[in-house]
Every structure is written in structure tokens, then in C-alpha cells.
Amino acid sequence: MSALLLQLAEARRDGRPFGIASICSAHPTVLRAAIRRAKKGDRQVLIEATCNQVNHLGGYTGMTPADFRAFVESICREEGLAFEQVILGGDHLGPNPWRGEEPSIAMAKAEAMVEAYVAAGFSKLHLDTSMACAGEPAALAESVIAERAARLCAVAEAAATRLGLPKPLYVLGTEVPVPGGADHVLDSVEPTRPGAAEATIAYHRELFEKAGLTAAFSCVIAFVVQPGVEFGSDNVIAYDRDKAANLAAVLNHHPNLVFEAHSTDYQSGPALRDLVLDGFPILKVGPWLTFAYREALYALDMIAAELAPDYGGRRLRDRMEALLTADPGDWRGHYHGDDTAIALQRHYSYSDRIRYYWNRPEAQAAVEDLRQALSGRTIPETLFRQYLPTLPLSLASQAMEDILIAAVDQVVSLYEEAAGNPA
């Protein structure tokens, strides 16, 4: 299932680079859109669960890796896509969910999580041990990060051997962007220095060899570096290939590697294509997908207010505001400014922290009420154009779920076009 990923470096060497979008989401509508797009194009699809979303203790979705796999399999069956077309990945696998605990405890939980991912058949593992745990300095020494990554790799290798499963492919790196984007306005983002990228690769190779993981290091397909792309709550830093040229040239010394680009959300199509051409062919996207979902939901909320006399005003938005303010744990500390600015960010931030709430019963009930309000109605063309101007008018007579999938698909299709096709 992951053979396609092994072709990325070879294709770059041969002057025929292609890429692949990494769909980092556990939202059912997002996954359905990505799977439907893969079915339509007869392509493989890379779907990644993050350590906070999915882990052996449940994560914020309540799903273990085995649960997540079964969830994706069920959508594949419904959409008619062979599950063999899916590459399952684990993102930011490390102590991040437990970084408030002592290092030994946090790493023990990370090891159990990695084992669960391997046992569930995840074939691409991003091992991220860059975060400090309780009592540690904020910036860990690169040797500590590499040693911990080797520990997690050893667990993965042992689990695959014990269970008779293929060995995973690995992504490593120390200059890892914050999952979900920055929590402040950004003026600029500097690409990783070439010397720092070289040092990271060398440190990991050395520590892996010392741990007896030379064979496993040969299964490392990519390193995470900062190509100079990021998004904050209210702005996006666009890719500048000239600034990243020296970093991209590092790959000339490592012909079996590529770079993995995190936080590519909200980049333009040409920028995404440039990333692929420059050696960053694994394009991770997450918040943009649920941002597009929320955009469409809120547009339909406005449409329902116009069409259904009993629906009232912006019922969905108002119910989400009540949920967000009653339980602010997943957004407080990430949004800044006065009360008006924070109120806007709760709903419209590029960071899209509202995505943590869509699986709550209150949110699901609000979405279902909106669905019922629109059920059996054809949205007038003029109203559709007013609130959903980028979607085809033919969707005006379709079910709400089809409209939501189409909104997410606009993002997925942009990545598909930028990725190009394997030769």
C-alpha cells in the first residue's frame, strides 16, 4: 500500500517529480471527500491520523488506531474504493499528548501508541519527539530528539516483526511546525538552514545505527523541515521557492530522501506545485479541509434562515458559539486580541480550532437540525450564488452532505492537481 511513497525520491532524481497530499483529518465528511476523489481519479489516497486525534487511549475523537482504520474502511466500502488504495499514516507520533508529564511516563505512553499504530496496519509513521516534557527545557538538544525517535522506531520494528506485518516507512525531523498552525499572527517564516537540515539527518543516522536500527533507517523516506510556509490565526505565509532553494539543494546529497512539508494549508495551487517540484512532495493539509467544511455549513445556516420560516436566525452558528464559550479548552490560549477579535477567531480562524468540536453531541445535533431544515428543499439559484458562489449551481437541488463534500473537494482537488501523476 505504501509503495507509492518509495517512488517519491526516485521520481525527483529522474526529473519527473510528483507529490501526494497527506489528508490529516478524522472528520467523516473530509474523509469521504478524499476517498470519493481517490475513487474518481483511480488514485491512492494518504490519510493520516494525528497523535492528539487518535491514540491507544482514544484521543479527542475517542478512536484508537484500530478504530480509525475500521472507520476509514467503512467509508471506503460505502464509496466503492478498494481499501488497498488507502495509505494509512500516523502524524506527530510521540509524547505530544502527554508532554505535561515526566519524560519517562510520556515516552512510555508514546511507545504504546506507536505499537498500536503498527498493529492497526499504519504503514507511514511520522515520529515526532521534538517537544519538551515536564521539567525539560523548551528546546531539546537534537541528540535527545534523535535518541527518542530511535526508541519509538525500535518499538515499531519489534511490533511489525512480532505481528508478521511489513515494516513501516518513517518520516523524521526536528524542525517540526506546531500541529494545526501557529497561534499568533506571523510576519515571516524562514526556511530551515541547509546546515541544520544536514545535521538533523546526520544525527538521526548516527543514533539509529547506534541503536541497531540501520535497516530501519533505510526505510526513512523523508525529513520534516520548514520550507517557509505557515499559517497563523489570521494570515498565511506563502511559499517563496527562491528563499527555499538552498534548503532544497540539500536533497542532492541524499538521493533516497525527500522533504515532508507541514502546514501547507491555504497555499495557492501554483505554490503547492512549486513545493512538489522543489523536493517537498508530501503535502500535509488538515485545518483547511475542516475550514472549508465550516464555511459551507455556515453558508447553509444562512440559507436555512432565509428558506425555512421556523429555523430562525443563524441557529447553527449561535449553538456553536454557546458550545465554544461553555467549553473553551480547545481554543483558549490559541486566540489573542480583544473580545471582538477573539469572538471572530472562535469561528473563522485559519487555525480552525472549532474542528475539535464537531464530534460533540451538541454540535452534531445542531448540524442535524440544519439538515432537517433543508431536507427536501431546492435552494433557489440566486440564494445559492449569494452564499455558495464557488460551488456548481447543480448542487442547489442536492442533499446537504453532497454540498459539504463538494466544498471540501475543492481543497482536495487543488492538492491533487498540484501533486501531478506518477510517471
Side-chain angles (χ1 to χ4, degrees), residues 25 27-37 39-41 79 231 233-236 265-270 272 285 287-324 340-341 343-352 354-355 357-358 362-418:
S25 181
H27 194 285
T29 300
V30 168
L31 295 181
R32 191 174 297 278
I35 288 168
R36 189 172 292 183
R37 166 66 51 178
K39 167 71 173 176
K40 181 179 179 181
E79 295 296 329
F231 58 94
S233 185
D234 298 305
N235 71 322
V236 179
D265 305 69
Y266 312 108
Q267 295 291 314
S268 68
L272 293 171
V285 57
W288 193 5
L289 300 166
T290 41
F291 184 95
Y293 169 82
R294 193 272 315 149
E295 275 188 313
L297 264 184
Y298 276 21
L300 291 167
D301 190 38
M302 299 287 282
I303 289 170
E306 298 274 10
L307 279 184
D310 297 335
Y311 186 72
R314 300 185 61 191
R315 184 188 296 183
L316 173 66
R317 186 266 177 203
D318 292 345
R319 291 168 72 175
M320 291 305 296
E321 173 69 359
L323 176 56
L324 289 160
T340 299
L344 287 172
Q345 290 171 72
R346 277 198 293 269
H347 297 271
Y348 306 110
S349 167
Y350 284 133
S351 299
D352 195 53
I354 197 173
R355 71 185 185 277
Y357 293 83
W358 293 119
E362 302 95 324
Q364 292 180 341
V367 172
E368 180 57 31
D369 284 352
L370 174 60
R371 191 188 320 275
Q372 291 298 324
L374 294 173
S375 179
R377 298 179 185 272
T378 295
I379 302 171
E381 181 176 314
T382 51
L383 197 58
F384 195 93
R385 287 176 62 91
Q386 174 66 36
Y387 293 110
L388 294 163
T390 67
L391 295 181
L393 287 173
S394 59
L395 287 166
S397 60
Q398 300 301 307
M400 185 175 90
E401 185 68 8
D402 291 326
I403 295 172
L404 296 174
I405 288 173
V408 176
D409 182 67
Q410 286 189 320
V411 179
V412 178
S413 63
L414 192 69
Y415 278 80
E416 180 181 82
E417 182 177 353

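Along the sequence shown, residues carry numbers from 1.
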Review point. Got more than 12 heavy atoms from elsewhere within 6.0 Å of CD, Gln410?
Key: yes
**Study point:** Residue pair Phe231 / Ser351: nearest heavy atoms and the distance that separates them
**Key:** CE1-CA, 4.0 Å
Exercise for review: Please work out which of the three classes, parallel, tilted or perpendicular, describes the rings of Phe291 and Tyr266, given edges at 30° and 60°.
Suggested key: perpendicular
Practice item. If the plane angle is over 60° it's perpendicular, under 30° parallel, otherwise tilted; pick one for Tyr293 and His27. Key: tilted
Exercise for review: State the CG-CD1 distance between Leu297 and Ile403, to the nearest 0.5 angstrom.
Suggested key: 10.5 Å
Practice item. Kindly indicate whether the side chain of Met400, heavy atoms from C-beta on, has any atom under 4.5 Å from the side chain of Val367. Key: yes
Exercise for review: Flag the pair Leu370 / Arg315 as yes when at least one side-chain heavy-atom distance between them is below 4.5 Å, and no otherwise.
Suggested key: no
Review point. Which atoms form the tightest heavy-atom contact between Leu388 and Ala296, and what is the distance?
Key: CD2-CA, 4.2 Å
Review point. For the residue pair Ala373 and Ala304, what are the closest heavy atoms and their distance?
Key: CB-CB, 4.4 Å
Point to revise | Check: Ser25 and Val285 side chains under 4.5 Å, non-hydrogen atoms | key: no
**Study point:** Partner of Leu289 under side-chain contact (heavy atoms from CB on, under 4.5 Å), chosen from Asp265, Leu31, Val30, Asp352
**Key:** Val30
Review point. Roughly how far, to the nearest 0.5 Å, is CZ of Arg319 from CG of Asp369?
Key: 4.5 Å
Check your understanding: Got a donor-acceptor contact below 3.5 angstrom from the Ser349 side chain to the Ser233 backbone?
Key -> yes
Revision key, fill the gap. When rounded to the nearest 0.5 Å, the distance separating CD of Glu381 from CG of Leu393 is 4.5 Å
Check your understanding: Any donor and acceptor pair, going by atom type alone, linking the side chain of Arg385 with main-chain N or O of Thr382 inside 3.5 Å?
Key -> no
Exercise for review: Carefully, step by step, assess Glu368 and Gln364 under the rule side chain to side chain donor-acceptor pair (under 3.5 Å).
Suggested key: CA-CA 6 Å; Glu368 180 57 31; Gln364 292 180 341; over 6 Å; no
Review point. Roughly how far, to the nearest 0.5 Å, is CG of Leu272 from CD of Glu416?
Key: 13.0 Å
Review point. What are the two closest heavy atoms between Leu316 and Ala366, and how far apart are they?
Key: CD1-CB, 3.6 Å
Check your understanding: Hey, does the side chain of Arg317 reach the backbone of Gly313 with a donor-acceptor pair shorter than 3.5 angstrom?
Key -> no
Check your understanding: With distance as the sole test, does Arg294 use its side chain to make a donor-acceptor pair with the main-chain N or O of His347 at under 3.5 Å?
Key -> yes
**Study point:** Side-chain ion pair, Lys39 and Glu79, N-O less than 4.0 Å
**Key:** no
Review point. Between Arg346 and Tyr348, is NZ or CZ placed under 6.0 angstrom from the six-membered ring centre and within 45° of the ring axis?
Key: no
Review point. So do Gln267 and Leu414 actually touch side chain to side chain, heavy atoms under 4.5 Å?
Key: no
Exercise for review: Using atom types as modelled and distance alone, determine if a side-chain donor or acceptor of Ser413 lies under 3.5 Å from a backbone N or O of Asp409.
Suggested key: yes
Review point. Does Glu362 CD have over 12 foreign heavy atoms under 6.0 Å away?
Key: yes
Practice item. Return the minimal non-hydrogen interatomic distance between Phe384 and Ile379, and the atom names on each side. Key: N-CG2, 3.8 Å
Point to revise | With sequence neighbours excluded, residues passing side-chain hydrogen bond (donor to acceptor under 3.5 Å, both in side chains) with Asp301 | key: Tyr311
Practice item. Could you grab the distance from atom CG of Leu307 to atom CE of Met302, nearest 0.5 Å is fine? Key: 12.0 Å
Point to revise | From CG (Leu300) to OH (Tyr387), nearest 0.5 Å | key: 11.5 Å
